[in-house]
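Here's the structure we're looking at; comments come further down.
Being a predicted model, the structure only gives us computed values, none of them experimental.
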Amino acid sequence: MSYDLVTEFEARGLVHQSTDAAALREWLATPSRRVYAGFDPTADSLHVGHLVALVLLRRVARAGHEPVALVGGATGMIGDPSGRSDERNLLSPAELEANIAGVGRQIRAVLASAGDRVHVVNNADWMRGVGYLEFLRDVGKHFPLSQMLAKDSVKSRLERDGGISYTEFSYMLLQAWDFVHLSDALDCRVQIGGSDQWGNITAGIELGRRLRSRDLHGITCPLLTKSDGTKMGKTASGAIWLDPKRTSPYRFYQYWINLDDADAGRCLLRLTEVPLGEITDLDTRRAANPAARDTQKRLAEELTRLVHGEAGLASARQATEIFFGAEIASLDDAALSEIFADVPSHEFPRASLDGEGLPLVEALKATGLAQTASAARRTIEQGGGYVNNRRVTDPAHRLTVGDLVGSSTLVLRSGKKSYAIARFV
RNA sequence: GGGGAGUUUCCCGAGCGGUCAAAGGGGUCAGACUGUAAAUCUGAUGGCAUUGCCUUCGCAGGUUCGAAUCCUGCACUCCCCA
C-alpha cells in the first residue's frame, strides 16, 4: 500500500528544503518511482549519522517506490567538501574497494526488509570510462563559475586558511552528473540527502534542466543533532557504527537507551517507522514519567532490530540484563564470551591463580581497567572494584580458582559500566 | 637589531631557598543521589610500596646542609620599540 511520501516526510520533520512540493507530489503519485540518496564510502561501515538517509530510503520503499542507493566509488575518490572544514585525505583504491563492498552490504541489509526492488549502484561504473576532455565539454561547460563559487560548501572553505583544492571543488560536477545519469538509466528523478547536500543536489537539478530539459527534484532533511549541539552518534570513545564488529549490538543498543529525553522523541520520529500516533503517546508518557524511559527503550529496540536483526536485539538485551543486574556466577564460558563480546579481555596464565592467587590490583591493571596499580588500588578503596559483579573493598584482595565463573573466566568491573574479561589459560 | 615577559604535574594557573608531590580551577576516575539521564554533593587524581621509598616544576651545569624557587649558558614562546 502506498502513501504520500511527501506528507510523511513533512509529518516527521524530515524536510529541511525541497524543490517545488506540488511537482514532487505529482511525480510521486505514480507508484514505483525511483528515488535516490548517495553514500560516500569513507569507511568500510556506515555509522549512526547515515541512519537518517538509510531510513529515508526505507520510507521510499514503504511508500511503494523503489529506493536507489548510490555508493560513491567515483566520488569517494575525490571527497565531498560539503560540511567539511578541511581537505580530505584521499583513500587508496584498495581501501575504497573494501569500503564500497562493506557499505553496499549494509545498505542492502537494512533496505531488504522494506521491499524487494532495491537498487544499489556505484557511480564508478559509469564514471570510469568518461574521459577528462569529454567530461569538461559535456558537463563542465554547463557550470557557471559564479554559481559554483556561491555554494556554501565552497564559499566557507574559500574563507578558511586551508582553502579548497581543485579536486574537491570539482566534486559537485560529479554528483550532478550522477543525478542526470540516474535519470537517464533508471528514470530516477528525485534525490534526497542531508541538508549539507542541498548545493550538490541543486547542481544536479540544474544540469538536468540544461542537458536534458528534464525536471528533477530534491529534498534535504535537517541534520540530526543532539540538544547539546554535538553530532548524533559521536561518543567519547568514538562513532557508533552499524557494523557489529566495530560497535557491538549491545553498545549500539545502549547508545539509544542513554539518549537524553530531549533527543529521544525526535529520533523516534525521524529514525524509525513507529506510527505517529504511538510517538505522540510516548511523548505524553515521557512527560508524565520520564524515569520509565519508554521512549528510549522503544527507540533502542527499533533501531537495534533494524540494524542487527532479531538475534542482535536479543543479545543486546541479554547483555544489558547482565551488565546492569545481576548474578554472573551461573553463566558458562560460552555465554560469557557471547555477552561480553565487545568487552576487552586479557589472558593470564592459569598458574597465577594457584597458592595465594593473583592480586586484584594486578588484574585490573593488566586488563586496562586501571592505568596503574595505584589507580587500581584507589578504585578499590573507593568502592569501585568488582569481581563478577560483587564489590570488593579490600585493596589487597587476591583472585583464586574459587573466583572463576565457568571454567576459566572471570569478570572484572570498575565503577558502574567499565567491564573487562580475564581468561585463565 | 634594541627592550621586556615567560616556559610548573592531563589542561589552565599559583608558588619565588626549607613546612612542595607542589594552592585553586577545569578535566578525568570513584562514591552518594537518580532514570543506565542531567544537575548536585563527597572523595581521589606522579610512580612503586601494608609506616616508607623513588622520579617530577623547558634543557644543561653551578651556588647551598638544602632549589620549582638563586646564578650561568642553551632552546623555545609571547609582547613592545625600530
Look at A:Tyr386 and B:rA30 and indicate whether a side-chain polar atom (N or O) is within less than 4.0 Å of OP1 or OP2.
no

Short side-chain N/O contact from A:Thr379 to OP1 or OP2 of B:rC29, under 4.0 Å:
no

I'd like to know if A:Gln382 reaches the base of B:rG31 with its side chain such that a donor and an acceptor end up less than 3.5 angstrom apart.
no

For a quick check, tell me whether the side chain of A:Asn289 and the base of B:rG35 share a donor-acceptor pair closer than 3.5 Å.
no

Selection from [options] that lies nearest to any side-chain heavy atom of [X]:
X	options	answer
A:Ser414	B:rG47, B:rA30, B:rU34	B:rA30
A:Arg391	B:rC48, B:rA37, B:rG31	B:rG31
A:Ser418	B:rA30, B:rG35, B:rG31	B:rA30
A:Arg378	B:rG47, B:rA30, B:rU50	B:rG47
A:Lys417	B:rU36, B:rC29, B:rC48	B:rU36
A:Pro290	B:rG35, B:rU34, B:rG47	B:rG35
A:Arg293	B:rG35, B:rG31, B:rU50	B:rG35
A:Gln296	B:rA30, B:rG35, B:rU34	B:rG35
A:Thr320	B:rU36, B:rC48, B:rG35	B:rU36
A:Asp261	B:rU36, B:rC48, B:rG35	B:rG35

[X] near the nucleic acid: base, sugar-phosphate alone, or nothing, with a heavy-atom cut-off under 4.0 Å?
X	value
A:Tyr253	nothing
A:Gln254	base
A:Ala370	nothing

Rounded [atom1] spacing from [N] to [M] in Å:
N	M	atom1	value
B:rG24	B:rU8	C1'	14 Å
B:rA68	B:rC59	C1'	15 Å
B:rU28	B:rC11	P	15 Å
B:rG6	B:rG13	P	13 Å
B:rC29	B:rC80	P	41 Å
B:rC65	B:rC16	P	23 Å
B:rG26	B:rA37	C1'	23 Å
B:rA23	B:rG15	C1'	8 Å

Any side-chain donor near an acceptor of the partner, [X] and [Y], under 3.5 Å:
X	Y	value
A:Asp178	A:Asn123	yes
A:Asn258	A:Tyr253	no
A:Glu95	A:Ser92	yes
A:Thr7	A:Arg25	yes
A:Gln191	A:Gln175	yes

Residue met sooner reading RNA chain B from 5', once A:Val361 and A:Asn258 are mapped to nucleotides:
A:Asn258

RNA chain B: A:Ile257 or A:Thr372, which has the more 5' nearest nucleotide?
A:Ile257

Please name the pair of heavy atoms, one in A:Ser32 and one in A:Glu66, separated by the smallest distance, quoted to 0.1 Å.
CB-OE2, 3.9 Å

Taking atom [atom2] of [N] as reference, at what distance in whole Å does atom [atom1] of [X] sit?
X	N	atom1	atom2	result
A:Trp256	B:rA37	CH2	C1'	16 Å
A:Gln371	B:rC48	CD	C1'	16 Å
A:Lys416	B:rA38	NZ	P	10 Å
A:Asn389	B:rU36	CG	P	15 Å
A:Glu381	B:rC29	CD	P	19 Å
A:Arg413	B:rA30	CZ	P	10 Å
A:Glu362	B:rG47	CD	C1'	14 Å
A:Asp263	B:rA38	CG	C1'	12 Å

Anything under 30° is parallel, anything over 60° is perpendicular, the rest tilted; go ahead and classify A:Phe252 against A:Trp256.
perpendicular

Could you walk me through whether A:Lys151 and A:Thr202 pass the side chain to side chain donor-acceptor pair (under 3.5 Å) test, one step at a time?
CA-CA 10 Å; A:Lys151 303 275 184 196; A:Thr202 51; 3.1 Å; yes

List RNA chain B stems (3 or more consecutive Watson-Crick/G-U pairs, under 3.5 Å)?
B:1-7 with B:75-81, B:10-12 with B:24-26, B:27-32 with B:40-45, B:46-48 with B:52-54, B:58-62 with B:70-74

Less than 4.5 Å apart, side chain to side chain, heavy atoms only: is that true for A:Asp261 and A:Arg286?
yes

One pair to check against side chain to side chain donor-acceptor pair (under 3.5 Å): A:Ser45 and A:Gln106. What are the steps and the verdict?
CA-CA 7 Å; A:Ser45 169; A:Gln106 285 180 341; 2.9 Å; yes

